[in-house]
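Letters A, B, ... are given to chains in the order of the sequence lines, protein chains preceding strands, and every chain is numbered from 1.
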Amino acid sequence: MYDSHIQILDSLNDAQRAAVTAEAGNRLVLAGAGSGKTRVLVHRIAWLIQVDGVRPWSLLAVTFTNKAAREMRTRIEAILGEPVGGMWVGTFHGLAHRFLRAHWNDAKLPQQFQILDADDQFRMIKRMLKSLNLDEARWPPRVVQGFINRHKDNGLRASHLDSGGDVIQQRMIQLYQEYQQLCERAGAVDFAELLLRTHEVLRDRPDLLHHYRERFQHILVDEFQDTNAIQYAWLRLLSGDADNLFLVGDDDQSIYGWRGARVENIQNFPLDYPNTQILRLEQNYRSTGNILDAANALIANNPTRLGKNLWTRQGTGEPIRRYVAFNEVDEARFVVERIRHFCQDQGLCRSDCAILYRTTAQSRLFEESLIQAELPYRVYGGQRFFERLEIKDSLAYLRLVSNPDDDAAFERVINLPARGIGPRTVDVLRAQARETGSSLWRSALAVLSTATLPTRASGALRRFVELITQMQQGRDGADERELPDLFQDVIQATGLPAHYEKAKDGKGIERLENLEQLVEAARRFAAEAPADDLLASFLAHAALEAGEAEADDHVDSVQLMTLHSAKGLEFHTVFITGIEEGLFPHGMSIGEPARLEEERRLCYVGMTRAREQLYLTYAESRRMHGREDYPMPSRFFRELPPELLEEVRASGVSRAGRVSKKSAAAANARANPVALAGGFYLGQQVVHPKFGQGVVLNGEGSGSSARIQVNFESAGMKWLVLTYARLKTIE
DNA sequence: GATTTCCTTATTAAG
DNA sequence: TAAGGAAATC
């Protein structure tokens, strides 16, 4: 027992220790940036299990991302030295999904219910609008989707809403209702529905609620400031009056209000639960004193906060540096030049340097500069694996195999690849489905049994139905070993590989590789996660965990990302760029105090990512949306103590104006050739018979699979397989 | 059914 | 400016 005390508490400071060893009761741990938040959560759980003798089975730990959930489990097991079974650790959505799978019957869902991701939901809404003959310009699918999700996030059904006589509102409510019916018919559950449905079942079933309340003696929540209304309601319901909530979060790092998070949840928690003990973790282990002082000063401008002041035992460190760029090109040039200098002359790793920006569009300038400087880089937040077109297409087939009533999947692949089932035929199916209130699949079967369709269409439809039926037979009796085989067979039978190969978007090879990866993912899943219905659980896994957003490369690279994706990370040197009124704070947020405060918190998050060096830059002129802007420096500069800031003087070069990027790249390439693939080198000028003139930017592979990426002047960025592309070089 | 042209729009993004 | 979507056209 004593040994476990030492092991768990040894490395903690007093505040962390107080949180870890707190007696049962509602605790709100305000964990500042870099104060060891995850560590407290992990050690708290270890403490409960090892010292208080709490059974893992009675613990519930909730996070926002799968990554955080995995990390938590791994770290707990590392401390305890053994796997902890029975503990529920996961995301709100993951746990809700688990609950609904266990209680599908009580939730009035089909056992094979499918999860719709945001994209599926969007498509479904679009189809619905079309079938109702509504003009998308007047009823934008995005807006309808936002309406539905916002209300679900707030725990409201269409029947709870009142139009107040407003015609538009009235129609929105009707669309919400209609959409929900479509979901029920298809046995589909969107992300917000997972939470809402779980909440309703628990609320309406005292016996189930009692069971889970008895079971979960301790509820621990990470990033509590990011919870939305339904998530908070769910926590309250589950906790009852047990006073067993251990919440960790930081109201100053709440940056997701726009997707439903309510800072009020954390700010008002002590009012909702007056017996709450608040613990503050204010010692920061990451940044220098100057960085923390500046961040503290900035965030002090937010009137509504619980209040917290970060401090460190480390020295003051270097001043924060500000660079006023001539324009956005100069800004990128400056940042990249500094990074090159740090890496070459001061021995920093490229991955120690992060370039942060408010909007994704800003990344391009930096990428171009980095390419010119020949510095490898990595952009966070690209498309994720399970979101790729070819993956979603294939999964749609598998979804039909698992549940043929899945209308979203049905519509996606009914004519993909093209098999002669046109809009006319699909319209007939839709009409039939609406009339009989059944799924498209059933409607197809019904239509085929009558002579409604022309012979040609009917033949095509019959072949499609047979195709799916055949796939279903292939699935029957499939066990763990066969899941990858099933995937392989289904993918082949769809004809999708040939379809992608034919497409001339230059992505054919990549798509085929991804399909192979999908089979590989099925293989791993079958080996690691045995379940009674492997296919269904794989599909759920694909929806709930879309995979990593950043390309994993092993090369040491400069890190590029939005301020939002930087949350939770840290770097030796951080550049926050584009700090201008209208861009940061963003124009859409200025004018609304609550949103402006969130922009300020975002800036605070960005600043506290830096360990040693922090650079803040803005441009006096910026080309945006095709016009030249002359933005004001951001108000955030005025909120920083001037004595902590050091101005970096512009070098003469920066004032030279806009240098032609093409000529600079070409000059660089001639002086310093970097071989890429098939004898082409970086920056080389080439001519394509169809696309015209362009510059070589990237390359990979060799022999017949060698391909290069070319930025064409008129045709834009293309990947070209050298075997096919008849490229000429220009000297 | 694919390709071209026109038109609109322009934060942030996990599950 | 440029990207993405939808109508228009081959």
Side-chain angles (χ1 to χ4, degrees), chain A residues 62-69 90-97 115-122 126 130 135-137 140-142 146 149 152-153 189-195 222-223 226-228 230-231 254-261 328 356-365 380-384 386-387 415-423 499 502-505 540-549 561-568 578 582-590 595 598-599 601-603 605-606 622-629 690 711 714-717:
Chain A
V62 199
T63 63
F64 272 85
T65 65
N66 291 299
K67 201 172 153 202
T91 63
F92 278 101
H93 293 87
L95 297 171
H97 173 247
I115 301 172
L116 297 182
D117 69 16
D119 180 58
D120 299 328
Q121 185 188 39
F122 181 75
K126 271 186 89 159
K130 191 163 274 175
D135 180 9
E136 283 198 7
R142 284 267 163 245
N149 288 338
K152 285 193 176 186
D153 284 347
V189 172
D190 59 52
F191 284 138
E193 185 73 22
L194 287 170
L195 303 175
D222 190 16
E223 307 276 20
D226 289 337
T227 48
N228 65 27
I230 192 74
Q231 288 161 341
S254 165
I255 56 174
Y256 287 113
W258 49 274
R259 63 178 201 209
E328 78 283 3
L356 310 185
Y357 35 79
R358 176 67 238 269
T359 67
T360 40
Q362 287 165 260
S363 78
R364 229 192 62 199
L365 264 311
Y380 280 60
Q383 204 183 28
R384 296 142 88 216
F386 286 115
E387 287 170 351
N415 199 32
L416 184 83
R419 49 169 69 88
I421 306 179
H499 169 71
K502 263 194 304 203
K504 347 192 168 100
D505 55 1
H541 162 78
L544 288 172
E545 185 160 7
E548 290 291 313
M561 67 195 81
T562 63
L563 284 141
H564 282 89
S565 12
K567 184 161 165 241
L583 188 57
F584 193 28
H586 197 278
M588 316 260 350
S589 304
I590 295 175
R595 303 184 69 180
E598 185 159 304
E599 295 281 319
R601 292 194 290 264
L602 188 57
C603 189
V605 166
R622 180 177 298 272
R623 210 174 168 76
M624 267 187 105
H625 310 324
R627 31 176 62 217
E628 198 83 7
D629 259 14
K690 191 165 157 203
N711 189 11
S714 44
M717 208 74 102

#### Entry: Partners meeting salt bridge (charged side-chain N to carboxylate O under 4.0 Å, His left out) with Lys567(A) (sequence neighbours left out)
Glu223(A), Asp226(A)
### Query
Whole-Å distance between dT11(B) C1' and Met561(A) CE?
18 Å
### Query
Looking at residues at least two apart in the chain, or sitting in another chain, which of them share a ring-ring contact (aromatic ring centres under 6.0 Å, His included) with Phe584(A)?
Phe636(A)
### Task
Give a yes/no answer on whether the side chain of Thr360(A) brings an N or O atom under 4.0 Å of OP1 or OP2 in dT11(B).
no
#### Entry: Stem list, DNA chain B (Watson-Crick or G-U pairing under 3.5 Å, at least 3 consecutive pairs)
B:1-10 with C:1-10
### Task
Would you please name every residue forming a side-chain hydrogen bond (donor to acceptor under 3.5 Å, both in side chains) with Thr63(A), sequence neighbours left out?
none
### Task
Would you kindly give the NE2-to-P distance between His541(A) and dA14(B), to the nearest whole Å?
16 Å
### Message
Which residues pass the salt bridge (charged side-chain N to carboxylate O under 4.0 Å, His left out) test with Glu136(A), not counting sequence neighbours?
### Response
none
### Query
Could you state the CZ-C1' distance from Arg142(A) to dT9(B), rounded to the nearest angstrom?
13 Å
### Query
Starting at the 5' end of DNA chain B and moving along, which residue's nearest nucleotide shows up first, Ala418(A) or Thr562(A)?
Ala418(A)
### Task
Using the C1' atom as the reference point in each nucleotide, state the distance between dT12(B) and dG5(C) in Å, no decimals.
22 Å
### Summary
Given protein heavy atoms under 4.0 Å, the one-letter contact record of nucleotides 1-10 of chain C, with B base, S sugar-phosphate only and - none, is simply BS---S----
### Query
In terms of side-chain geometry, is the basic nitrogen of Glu193(A) or Lys152(A) positioned less than 4.0 Å from the acidic oxygen of its partner?
yes
### Task
Find the distance Arg622(A):CZ to dA10(B):P and express it as a whole number of Å.
19 Å
### Query
If you find the nucleotide of DNA chain B closest to Pro423(A) and the one closest to Arg358(A), which residue's nucleotide is nearer the 5' end?
Pro423(A)
#### Entry: Contacts of Asp120(A) that satisfy salt bridge (charged side-chain N to carboxylate O under 4.0 Å, His left out) - sequence neighbours left out
Lys392(A), Arg399(A)
### Message
Tell me the interatomic distance from Trp258(A), atom CH2, to dT11(B), atom P, rounded to whole angstroms.
### Response
12 Å
### Summary
Sequence neighbours excluded, the answer for side chain to side chain contact (heavy atoms under 4.5 Å, CB included) partners of Glu598(A) is Trp258(A), Arg601(A)
### Query
Does dA10(B) have OP1 or OP2 sitting under 4.0 Å from an N or O in the side chain of Thr359(A)?
no
### Query
Does His586(A) place a side-chain N or O at less than 4.0 Å from the phosphate oxygens OP1/OP2 of dT11(B)?
yes
### Message
Whole angstroms only, please: what is the CG-P distance between Asn228(A) and dA13(B)?
### Response
18 Å
### Query
Under the salt bridge (charged side-chain N to carboxylate O under 4.0 Å, His left out) test, which residues partner Arg142(A), sequence neighbours left out?
none
